[in-house]
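Inspection log for the structure reproduced underneath, given as C-alpha coordinates.
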Amino acid sequence: LSLKFGDIGNLKGLVIRFLLTTSYYQLSVQNWFSLHRLQLLYNHSIQATFNATRIYAPASYSYHCEHVSSLQRYNALLIPSSANDLSKLWEVTFTDFQIQGFNIQEGHFAYAKDCASFFSPAIIMGLVMSLILLLVLAYALHMLIHLKSLDRHYECKASPAYFGQMKDNDMGDEKEPLRSNGNESYELRNQQFCKIYI
(Lines give C-alpha, C1' and ligand atoms only; values in the text may rest on other atoms or scores of the structure.)
Protein backbone atom coordinates (compact mmCIF):
# COMPACT_ATOMS: atom_id res chain seq x y z
CA LEU A 1 0.00 0.00 0.00
CA SER A 2 1.67 3.22 -1.18
CA LEU A 3 0.88 6.82 -0.28
CA LYS A 4 2.35 9.10 -2.96
CA PHE A 5 2.86 12.72 -1.96
CA GLY A 6 4.85 13.92 -4.98
CA ASP A 7 7.49 16.60 -4.59
CA ILE A 8 7.68 18.24 -1.15
CA GLY A 9 10.48 20.76 -0.86
CA ASN A 10 13.77 19.01 -1.51
CA LEU A 11 12.10 15.60 -1.36
CA LYS A 12 11.38 14.51 -4.92
CA GLY A 13 8.66 11.94 -5.32
CA LEU A 14 8.01 11.27 -1.62
CA VAL A 15 6.28 7.91 -1.10
CA ILE A 16 5.34 6.12 2.13
CA ARG A 17 5.03 2.41 1.46
CA PHE A 18 3.31 -0.07 3.78
CA LEU A 19 4.22 -3.73 3.25
CA LEU A 20 1.33 -5.84 4.50
CA THR A 21 1.27 -9.60 4.91
CA THR A 22 -1.53 -12.02 5.66
CA SER A 23 -1.32 -15.33 7.49
CA TYR A 24 -3.69 -18.03 8.63
CA TYR A 25 -3.61 -18.98 12.31
CA GLN A 26 -5.17 -22.29 13.30
CA LEU A 27 -5.66 -21.19 16.89
CA SER A 28 -8.01 -18.36 15.92
CA VAL A 29 -9.29 -20.20 12.81
CA GLN A 30 -9.04 -17.09 10.63
CA ASN A 31 -6.66 -15.01 8.54
CA TRP A 32 -4.79 -12.13 10.14
CA PHE A 33 -2.97 -9.29 8.43
CA SER A 34 0.04 -7.49 9.82
CA LEU A 35 2.07 -4.45 8.85
CA HIS A 36 5.43 -6.04 8.16
CA ARG A 37 7.46 -3.02 7.18
CA LEU A 38 7.22 0.70 6.46
CA GLN A 39 9.48 2.33 3.88
CA LEU A 40 10.16 5.98 3.09
CA LEU A 41 11.11 6.63 -0.53
CA TYR A 42 12.20 9.86 -2.13
CA ASN A 43 14.52 10.78 -4.96
CA HIS A 44 13.47 7.42 -6.44
CA SER A 45 15.23 5.31 -3.80
CA ILE A 46 14.47 3.77 -0.41
CA GLN A 47 15.83 6.11 2.25
CA ALA A 48 14.50 4.62 5.49
CA THR A 49 12.94 1.33 6.54
CA PHE A 50 11.07 0.60 9.75
CA ASN A 51 9.95 -2.77 11.05
CA ALA A 52 6.45 -2.64 12.48
CA THR A 53 5.70 -4.46 15.73
CA ARG A 54 2.31 -5.27 17.20
CA ILE A 55 0.41 -3.81 14.25
CA TYR A 56 -1.94 -6.63 13.28
CA ALA A 57 -5.64 -7.45 13.11
CA PRO A 58 -7.97 -10.10 11.68
CA ALA A 59 -8.07 -9.89 7.90
CA SER A 60 -11.75 -8.88 7.96
CA TYR A 61 -11.01 -6.01 10.39
CA SER A 62 -9.07 -2.80 10.20
CA TYR A 63 -6.36 -1.68 12.62
CA HIS A 64 -6.64 1.61 14.52
CA CYS A 65 -4.26 3.38 16.88
CA GLU A 66 -4.10 6.91 18.24
CA HIS A 67 -0.35 7.10 17.56
CA VAL A 68 1.87 4.89 15.43
CA SER A 69 5.35 6.28 15.81
CA SER A 70 9.07 5.63 15.95
CA LEU A 71 9.29 7.73 19.13
CA GLN A 72 9.54 6.11 22.57
CA ARG A 73 6.94 8.43 24.10
CA TYR A 74 4.37 6.81 21.78
CA ASN A 75 5.54 3.25 22.57
CA ALA A 76 7.66 3.08 19.38
CA LEU A 77 5.66 0.70 17.21
CA LEU A 78 8.03 1.51 14.33
CA ILE A 79 11.59 0.24 14.86
CA PRO A 80 14.49 1.14 12.52
CA SER A 81 15.33 -2.00 10.58
CA SER A 82 19.07 -1.48 10.71
CA ALA A 83 21.56 0.65 12.57
CA ASN A 84 23.46 1.30 9.34
CA ASP A 85 20.75 2.97 7.25
CA LEU A 86 19.23 6.42 7.57
CA SER A 87 16.18 5.28 9.52
CA LYS A 88 17.53 6.60 12.81
CA LEU A 89 17.67 10.09 11.32
CA TRP A 90 13.90 10.03 10.81
CA GLU A 91 11.13 10.52 13.31
CA VAL A 92 7.87 9.15 11.94
CA THR A 93 4.55 9.64 13.71
CA PHE A 94 1.05 8.92 12.40
CA THR A 95 -1.83 10.42 14.37
CA ASP A 96 -5.22 8.68 14.43
CA PHE A 97 -3.77 5.90 12.29
CA GLN A 98 -6.10 3.37 10.68
CA ILE A 99 -5.22 0.80 8.06
CA GLN A 100 -6.86 -2.13 6.33
CA GLY A 101 -5.15 -4.07 3.61
CA PHE A 102 -7.66 -6.76 2.68
CA ASN A 103 -11.39 -7.41 2.35
CA ILE A 104 -12.27 -3.76 1.82
CA GLN A 105 -15.94 -3.26 0.97
CA GLU A 106 -17.47 -0.13 -0.57
CA GLY A 107 -14.40 1.95 0.21
CA HIS A 108 -15.02 1.97 3.99
CA PHE A 109 -12.98 0.66 6.88
CA ALA A 110 -14.31 -2.45 8.57
CA TYR A 111 -14.68 -2.75 12.34
CA ALA A 112 -11.40 -1.61 13.90
CA LYS A 113 -9.17 -3.55 16.25
CA ASP A 114 -7.74 -0.88 18.51
CA CYS A 115 -4.19 -0.86 19.79
CA ALA A 116 -5.24 0.25 23.28
CA SER A 117 -4.61 -2.54 25.75
CA PHE A 118 -7.23 -3.73 28.21
CA PHE A 119 -5.01 -2.63 31.10
CA SER A 120 -4.11 0.96 30.31
CA PRO A 121 -2.87 3.17 33.19
CA ALA A 122 -6.30 4.80 33.54
CA ILE A 123 -8.03 1.43 33.84
CA ILE A 124 -5.48 0.20 36.38
CA MET A 125 -5.94 3.33 38.52
CA GLY A 126 -9.71 2.89 38.37
CA LEU A 127 -9.39 -0.72 39.53
CA VAL A 128 -7.07 0.30 42.39
CA MET A 129 -9.47 3.04 43.56
CA SER A 130 -12.41 0.62 43.37
CA LEU A 131 -10.47 -1.88 45.48
CA ILE A 132 -9.69 0.78 48.11
CA LEU A 133 -13.36 1.83 48.29
CA LEU A 134 -14.44 -1.80 48.65
CA LEU A 135 -11.98 -2.29 51.51
CA VAL A 136 -13.30 0.82 53.30
CA LEU A 137 -16.89 -0.39 52.83
CA ALA A 138 -16.01 -3.87 54.12
CA TYR A 139 -14.31 -2.36 57.19
CA ALA A 140 -17.33 -0.15 57.90
CA LEU A 141 -19.72 -3.11 57.61
CA HIS A 142 -17.45 -5.16 59.87
CA MET A 143 -17.54 -2.39 62.51
CA LEU A 144 -21.33 -2.10 62.26
CA ILE A 145 -21.86 -5.85 62.63
CA HIS A 146 -19.66 -6.05 65.73
CA LEU A 147 -21.09 -2.92 67.34
CA LYS A 148 -22.38 -3.80 70.83
CA SER A 149 -25.80 -2.53 71.82
CA LEU A 150 -25.93 -0.06 74.72
CA ASP A 151 -27.80 -1.34 77.79
CA ARG A 152 -29.46 1.57 79.56
CA HIS A 153 -30.40 1.31 83.24
CA TYR A 154 -32.49 3.98 84.81
CA GLU A 155 -32.54 4.55 88.53
CA CYS A 156 -34.77 7.15 90.08
CA LYS A 157 -34.28 8.38 93.62
CA ALA A 158 -36.13 10.83 95.79
CA SER A 159 -34.56 14.23 95.93
CA PRO A 160 -34.30 16.36 99.02
CA ALA A 161 -33.81 19.39 96.82
CA TYR A 162 -35.70 22.53 97.70
CA PHE A 163 -37.29 24.63 94.98
CA GLY A 164 -38.03 28.31 95.38
CA GLN A 165 -41.38 29.92 94.73
CA MET A 166 -42.73 29.30 91.23
CA LYS A 167 -45.65 30.73 89.25
CA ASP A 168 -49.11 29.76 90.43
CA ASN A 169 -50.58 28.98 86.99
CA ASP A 170 -47.83 26.48 86.06
CA MET A 171 -47.45 24.53 89.28
CA GLY A 172 -50.79 25.10 91.00
CA ASP A 173 -51.67 21.47 91.54
CA GLU A 174 -48.12 20.26 92.24
CA LYS A 175 -47.28 22.52 95.17
CA GLU A 176 -48.37 22.77 98.75
CA PRO A 177 -47.63 25.62 101.11
CA LEU A 178 -45.12 25.31 103.89
CA ARG A 179 -45.91 27.68 106.71
CA SER A 180 -43.23 28.73 109.08
CA ASN A 181 -43.14 31.99 111.04
CA GLY A 182 -45.54 33.75 108.74
CA ASN A 183 -43.42 33.23 105.57
CA GLU A 184 -44.98 31.14 102.84
CA SER A 185 -42.77 28.74 100.89
CA TYR A 186 -43.59 26.03 98.42
CA GLU A 187 -42.22 22.57 97.99
CA LEU A 188 -42.99 20.12 95.15
CA ARG A 189 -44.91 17.06 96.24
CA ASN A 190 -43.25 14.57 93.95
CA GLN A 191 -39.60 15.48 93.69
CA GLN A 192 -37.49 12.95 91.89
CA PHE A 193 -34.32 12.97 89.86
CA CYS A 194 -33.10 10.22 87.61
CA LYS A 195 -29.65 8.87 87.05
CA ILE A 196 -28.96 7.15 83.77
CA TYR A 197 -26.31 4.46 83.76
CA ILE A 198 -24.94 3.39 80.39
Side-chain angles (χ1 to χ4, degrees), residues 1-140:
L1 177 64
S2 296
L3 299 178
K4 298 181 179 181
F5 295 94
D7 297 339
I8 299 177
N10 295 329
L11 305 179
K12 303 298 182 183
L14 176 63
V15 176
I16 298 178
R17 182 183 295 167
F18 302 92
L19 301 178
L20 301 164
T21 61
T22 182
S23 303
Y24 178 78
Y25 291 96
Q26 293 182 352
L27 188 62
S28 61
V29 197
Q30 62 180 339
N31 288 318
W32 287 65
F33 82 88
S34 61
L35 178 59
H36 179 64
R37 189 170 293 169
L38 181 142
Q39 295 175 337
L40 297 176
L41 295 86
Y42 63 92
N43 297 334
H44 308 292
S45 63
I46 297 175
Q47 301 295 326
T49 303
F50 295 89
N51 292 328
T53 61
R54 304 190 305 275
I55 299 179
Y56 53 85
S60 58
Y61 286 35
S62 64
Y63 175 87
H64 176 264
C65 197
E66 187 66 27
H67 294 97
V68 171
S69 176
S70 61
L71 303 177
Q72 288 297 327
R73 68 171 175 260
Y74 296 127
N75 295 326
L77 295 176
L78 301 176
I79 308 297
S81 61
S82 173
N84 298 326
D85 63 9
L86 300 177
S87 301
K88 290 198 171 184
L89 301 178
W90 286 78
E91 292 182 354
V92 180
T93 300
F94 296 98
T95 302
D96 197 18
F97 179 84
Q98 188 167 1
I99 191 170
Q100 181 178 351
F102 309 97
N103 301 323
I104 300 172
Q105 297 180 358
E106 300 179 0
H108 297 290
F109 283 116
Y111 178 81
K113 175 188 177 294
D114 204 276
C115 65
S117 64
F118 291 107
F119 292 101
S120 64
I123 293 175
I124 292 174
M125 285 302 298
L127 290 174
V128 169
M129 292 303 297
S130 299
L131 180 61
I132 291 173
L133 290 175
L134 283 175
L135 289 175
V136 170
L137 180 62
Y139 179 74

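On a predicted model such as this, the values are computed, not experimentally measured, just so you know.
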Task: Between Ser87 and Thr49: side-chain donor-acceptor atoms closer than 3.5 Å - done: no
- [ ] For Glu91 and Thr93, test the side chains for any donor-to-acceptor distance below 3.5 angstrom and give the result as yes or no.
- [x] no
Minimum-distance pair of heavy atoms, taken over all atoms of [X] and [Y]:
X	Y	answer
Asp96	His64	OD1-NE2, 2.6 Å
Ser70	Ala76	O-CB, 4.1 Å
Phe109	Ser62	CD2-CB, 3.9 Å
Gln100	Ala110	OE1-N, 2.8 Å
Tyr63	Ala57	CB-CB, 4.2 Å
Asp7	Gly13	OD1-N, 2.7 Å

How far does [atom1] of [X] sit from [atom2] of [Y], to the nearest 0.5 angstrom?
X	Y	atom1	atom2	answer
Arg17	Ser2	CZ	OG	5.0 Å
Met125	Ser130	CE	OG	10.5 Å
Asn43	Leu41	CG	CG	10.5 Å

Task: Centroid separation Phe94 to Phe18 less than 6.0 Å - done: yes
TODO: Measure from the side-chain N and O atoms of Ser23 to the backbone N and O of Trp32, and report whether any donor-acceptor pair falls under 3.5 Å.
DONE: no
- [ ] Would you check if the side chain of Ser69 reaches a backbone N or O of Leu71 as a donor-acceptor pair within less than 3.5 Å?
- [x] yes
Does [atom1] belonging to [X] count more than 12 external heavy atoms closer than 6.0 Å?
X	atom1	answer
Tyr111	OH	no
Tyr56	OH	no
Tyr24	OH	yes

- [ ] Check the pair Leu40, Ile46 against side chain to side chain contact (heavy atoms under 4.5 Å, CB included), reporting the backbone distance first and the verdict last.
- [x] CA-CA 6 Å; Leu40 297 176; Ile46 297 175; over 6 Å; no
